[in-house]
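Structure record follows, encoded as structure tokens.
Treat the numbers as computed from the prediction; the structure is a model and nothing was measured.
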Amino acid sequence: MATSTIAAAPVAASAAEQQAAVEEIVVTAQRREESLQEVPISVSAVTGNALERAGVTETRQLTQSMPSVVFSRANGAFQPYIRGVGTRNANIGDESSVSVYVDGIYQPSMNSLGFDLVNISRVEVLRGPQGTLFGRNATGGLVNIITPDPEPTFSGRAVLRAGNFGEYSAGIYLTGPIVDGLAWDINYQRYGDDGYLKDLVRGGRAGARETEAFRGKLLFQPNDTFRAVVAASVFDVSDQSLSNQPVNGNTIANTFIPIPVYGREPWETGLENLLLASARTKSLSLQTRYAFSAATLETSSSLQKGESHSRTDNDASSRVIQNSETFQENAYISNEVRLLSTSEGPVSWILGGYQFSGRGEFRPLISYTNGVRGVPVYTRQDVDSLAAFGEGTYRLGDHVKLIAGIRYTKEDREYSSRNTTTVLVPLQKGSQDKITYRFVAQYAFNEDTNVYASYSRGFKSGVFNGFATTLPAARMTRPETLDSIELGVKSDPLPWLRVNGSVFWYDYTDIQQSARDPNLSLVVLFNAAKSKTKGAEIEVTTQPLDGLSVRGYATYLDATYQSFPGAQIFQPRTPTTANPCRAGIAFCGNNTNSNYDASGKDMIRSPKFTAGMSFDYSRETELGVFAIAGNVFYSAKYYWDFENRLANPAYTMVNGEVSWAQSSDEKALRLSIWGRNLGNEVVYSQILTSAQGDVGAFERPRSYGVGLSKRF
């Protein structure tokens with residue numbers, strides 16, 4: 001897919017109107033460059049500069065800036081949710097129900113989705129199933145992160161930042177020509193901190209995080225007809241900030257005498273062995289575009305390899321009771337070809353084919369019980385997927401547009417597991433195919449306002465349980481399917497005002513869910529029954545004054561399990577007459593496992609209401625350009641478990657930045673003072689429950705620092 005660019009603001013009748021005009025944004029939501037306002041899909045697009053000033057510096061923080069997005073995690077796996085749709089599983093070989101792309105290249109490994117947003121052009125979030133043009137595993141929508149392409153003239157940018165908790169980051173971006181028609185760029189960034197957790201075992205701080213990212217591109221464009229971009233990247237992360245504590249003191253550690261140390265206040269940890277989520281991801285891609293007289297041929301090819309190491313602890317105490325360690329490896333290749341019509345006329349179309357294959361492995365997976373190392377287990381899951389798709393658009397005059405698309409996907413999977421001496425699960429094979437589609441009717445009242453209605457289907461392919469060590473547990477799940485009806489409006493009623501909104505209804509069946517195995521403390525994988533979801537979104541962008549831009553949004557989401565009679569839950573074992581536990585202990589530890597009818601319960605990670613507002617104001621003076629930017633995000637409470645026992649309370653997150661630049665010249669030196677989570681809100685980054693208790697980890701507390709940047 002071609003990298004999109006931010007288009008210039010529309011020409012206004014006067015200089016004052018031009019200054020107050022809302023910026024037009026070009027997106028690639030339909031695999032071709034189109035105005036955001038003309039695309040009949042719920043899309044949010046925010047520039048990299050706007051995200052940086054709002055304090056959004058990594059993918060998980062997109063929760064604070066995009067409607068209907070909850071970007072959570074389970075240990076080393078990053079799990080985006082859109083409108084209540086996402087993947088709870090951290091299975092090797094599994095993929096997210098919300099697809100993540102970088103420059104149009106699909107990112108299959110959930111261990112690689114939590115990366116820093118380094119020198120990006122824009123982030124696009126498409127809400128709702130995108131099963132026609134983007135295909136499998138875009139059930140809930142997708143996130144596309146777009147980075148700049150090399151430029152034919154030399155330029156660059158350097159950034160330095162420092163903050164509390166020992167936080168630092170340094171980055172540099174350079175681009176320039178080699179010869180006519182050939183240009184390059186490189187981007188490098190390093191980040192580190194000392195951790196924000198109070199260490200109750202060793203003293204001082206714990207939970208350090210370090211990242212290192214490199215990205216480079218070559219752009220070959222000898223003429224207006226052909227272009228090719230080769231891109232390579234390496235991303236390393238080592239993160240101990242997930243070192244957790246019992247939720248409400250519920251842990252099996254309470255059954256030991258004396259009671260082991262564990263965290264009781266936010267941002268405390270008492271682990272003997274700190275948790276770890278480390279990963280290295282390497283990728284290489286080639287994208288080409290060749291323009292014919294009436295059509296354009298585009299290709300995308302990529303190779304991605306990753307390895308990761310994760311340590312978990314199910315009791316969250318200083319005693320080593322039940323924990324696990326995993327070493328993962330994966331390798332995937334993908335190839336796509338697209339033919340897009342370019343001729344003028346009432347009909348436009350796109351045809352394409354897609355191939356995806358690869359493997360994910362535990363090498364190995366190790367469980368520990370009371371400090372005793374279990375037998376290492378090796379599992380492997382392979383996938384081969386082929387798809388063909390097409391979509392056509394028919395314009396009836398100047399007002400009506402009809403769109404119809406279809407995609408056929410065929411997928412084969414294999415799974416096996418063994419320990420050091422024995423085959424545990426012999427080679428299992430499974431095949432699935434699926435047809436997905438999209439129908440849209442759009443009516444434009446005028447150049448500034450249009451409405452649309454769509455019916456679309458998306459699906460996530462069935463998978464094997466990558467943790468399974470017995471044949472029954474290894475069974476392949478059925479594909480999950482989501483049917484969506486959406487009504488939307490997109491309007492620029494005034495040059496300085498943009499209002500977009502939608503209402504939607506989902507019918508979601510065969511939802512793939514995971515739960516803890518009560519015996520091995522690993523994972524079981526199964527299909528939940530079905531759910532019904534309805535909701536509404538509104539997003540407003542305005543530039544009422546010269547130098548001031550404001551963006552606000554709100555979402556209402558009613559997402560419940562319509563039928564889920566066999567949900568697996570863990571419930572705390574409370575004191576009884578026969579087993580009174582010990583004085584001062586609310587829970588006896590050792591959760592009990594049972595089946596539960598979760599029909600009518602809220603879907604996990606689905607807040608009923610969220611709202612956000614960001615602003616950016618700058619003013620030029622004789623002393624330079626002063627600016628202030630901020631972001632406020634509110635989320636109602638939501639749940640982490642099927643019973644709705646474990647809640648993330650409602651919270652408000654506030655980020656801000658004050659800056660000074662030498663002049664309005666974009667190459668001027670810029671100094672900033674920034675702050676994140678200024679209200680010091682206590683927000684869970686994850687809550688997991690098992691037979692050993694309920695454990696949770698926290699998002700970062702109040703953070704602040706300074707920054708220095710220079711373009712040249």
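Judged by distance alone, the side chain of Ser283 and the main-chain N or O of Gln304 form no donor-acceptor pair under 3.5 Å. Checking side-chain atoms of Lys490 against main-chain N and O of Val39 turns up a donor-acceptor pair under 3.5 Å. Judged by distance alone, with hydrogens and angles left aside, the side-chain atoms of Thr59 form a donor-acceptor pair with the main-chain N or O of Leu113 at under 3.5 Å. Looking at Arg498, its side chain never comes within 3.5 Å of a backbone N or O of Glu539 through a donor-acceptor pair. A donor-acceptor pair is defined here as one N or O able to donate and one able to accept, closer than 3.5 Å; such a pair exists between the side chain of Gln130 and the backbone of Gly128.
Tyr638 is linked by a side chain to side chain donor-acceptor pair (under 3.5 Å) to nothing, counting only residues two or more places apart in sequence or in another chain. For Lys530, the side chain to side chain donor-acceptor pair (under 3.5 Å) criterion is met by no residue, not counting sequence neighbours. Contacts of Tyr452 classified as side chain to side chain donor-acceptor pair (under 3.5 Å), with partners at least two apart in sequence or in another chain: Ser42, Glu486. Residues passing the ring-ring contact (aromatic ring centres under 6.0 Å, His included) test with Phe292, sequence neighbours excluded: Tyr290. Residues meeting the ring-ring contact (aromatic ring centres under 6.0 Å, His included) test with Tyr106, sequence neighbours left out: Tyr101, Phe356.
The side-chain heavy atoms of Ile604 and Tyr81, taken from C-beta on, include a pair separated by under 4.5 Å. Contact annotation: the side chain of Thr533 approaches that of Leu557 to within less than 4.5 Å [non-hydrogen atoms, C-beta and beyond]. At least one side-chain heavy atom of Val85 sits under 4.5 Å from a side-chain heavy atom of Tyr506. When side chains are defined from C-beta on, Arg136 counts as touching Ser385, because their heavy atoms get closer than 4.5 Å. Under the 4.5 Å side-chain criterion, counting only non-hydrogen atoms from C-beta, Arg60 is in contact with Phe78.
Ring orientation note: the planes of Tyr634 and Phe609 are tilted relative to one another, at an angle of 30° to 60°. Relative ring orientation between Phe633 and Tyr553 is described as tilted, the plane-to-plane angle lying within the 30° to 60° band.
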Test log, rule salt bridge (charged side-chain N to carboxylate O under 4.0 Å, His left out), inputs Lys460 and Asp94
CA-CA 10 Å; Lys460 179 181 184 294; Asp94 201 353; 2.6 Å; yes

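A salt bridge between Lys532 and Asp558 is absent, with no side-chain N of the basic residue lying under 4.0 Å from a carboxylate O of the acidic one.
Sorted by first and then second residue, the pairs that involve residues 394-410 and meet salt bridge (Lys or Arg N to Asp or Glu O under 4.0 Å), not counting sequence neighbours, are Lys410-Asp412.
In this structure, Gln355 places its CD atom where more than 12 heavy-atom neighbours from other residues, nucleotides or ligands lie under 6.0 Å away. The environment of Asn223 atom CG is dense: over 12 non-hydrogen atoms of other residues, nucleotides or ligands sit within 6.0 angstrom.
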